[in-house]
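Source: prediction; values computed, not measured.
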Amino acid sequence: QAQLEESGGGLVQAGGSLRLSCVPSGRTLSDHVMGWFRQAPGKERKFVAGSFRSSNNTYYADSVKGRFTISRDNAKNTVYLQMNSLKPEDSAVYSCAARRGLILSVNEKDYDAWGQGTQVTVSS
């Protein structure tokens, strides 16, 4: 059973926007570093964006820098991924992940809780 629940995926045209949401079940968001990863068909899962426990500190993969924004609302126990200027190569299953502690990691093996993922498809 997934410990985090994502929503907000869908089909969008190139240049469009989507906002993904992630809610951890049974966990307090403020205790966790949060990450978004994506996996395209036939490819490895890759880090997209991460948020330290303070949402003012974030980190992005070069491929999405300037287009995607990760944010969190600890009061709502929700983390978001705002995706703008979407490209067909952004199409993938997007998953959020949680990691206890203070260190943000781009390595999926360092995260101990995952959602089932939400599909994002960008048409050209």
All heavy atoms of Phe52 vs all of Leu102, minimum pair found to be CD2-O, 3.5 Å

Give a yes or no on whether Tyr60 atom OH has more than 12 heavy-atom contacts from other residues, nucleotides or ligands under 6.0 Å away.
yes

In Å and rounded to the nearest 0.5 Å, what is the CD to CD distance from Gln119 to Gln39?
10.5 Å

List in chain and number order the residues that pass salt bridge (charged side-chain N to carboxylate O under 4.0 Å, His left out) with Glu108, two or more places apart in sequence or in another chain; answer none if no residue qualifies.
Arg45

OH-CG distance between Tyr111 and Leu104, expressed to the nearest 0.5 angstrom
4.5 Å

Output yes when a side-chain donor or acceptor of Arg53 lies under 3.5 Å from a complementary backbone atom of Ser30, and no otherwise.
yes

From SG (Cys96) to CD1 (Ile70), nearest 0.5 Å:
9.0 Å

What heavy-atom pair brings Ala14 and Ser124 nearest, and what distance separates the two atoms?
CB-CA, 4.4 Å

Is it true that a side-chain atom of Glu6 and a backbone atom of Leu20 form a donor plus acceptor pair closer than 3.5 Å?
no

Closest heavy-atom pair, Leu4 versus Cys22, reported as atoms and distance to 0.1 Å, is CD2-SG, 3.4 Å

Heavy-atom nearest pair, Leu18 first then Gly8, reads CD2-O, 3.8 Å

Salt bridge (charged side-chain N to carboxylate O under 4.0 Å, His left out) pairs touching residues 28-43, sequence neighbours excluded, are Arg38-Asp90

Are Phe47 and Val93 co-members of a hydrophobic cluster defined by side-chain heavy atoms under 4.5 Å apart?
no

For the residue pair Ala40 and Ala92, what are the closest heavy atoms and their distance?
N-CB, 3.8 Å

Hydrophobic cluster membership, Val23 vs Tyr94, 4.5 Å side-chain cutoff
no

How close do Val106 and Tyr59 get, heavy atom to heavy atom, and via which atoms?
CG1-CE2, 3.8 Å

Could you tell me the separation between the CZ atom of Arg19 and the CG atom of Asn84, rounded to the nearest 0.5 Å?
11.5 Å

Pairwise distance CD(Gln3) to OG(Ser25) - rounded to 0.5 angstrom:
8.0 Å

Side-chain donor or acceptor of Ser91 paired with backbone N/O of Val122 under 3.5 Å
yes

Does any N or O in the side chain of Arg27 come within less than 3.5 Å of the main-chain N or O of Asn77, such that one atom is a donor and the other an acceptor?
no

Here the salt bridge (charged side-chain N to carboxylate O under 4.0 Å, His left out) pairs for residues 93-105, sequence neighbours left out, are none

With the 4.5 Å side-chain cut-off for hydrophobic clustering, are Tyr80 and Phe37 part of the same group?
no

Contact between Val79 and His32 at the side-chain level, heavy atoms closer than 4.5 Å - yes or no?
no

When rounded to the nearest 0.5 angstrom, what distance separates OG in Ser21 from CG in Asp73?
10.5 Å

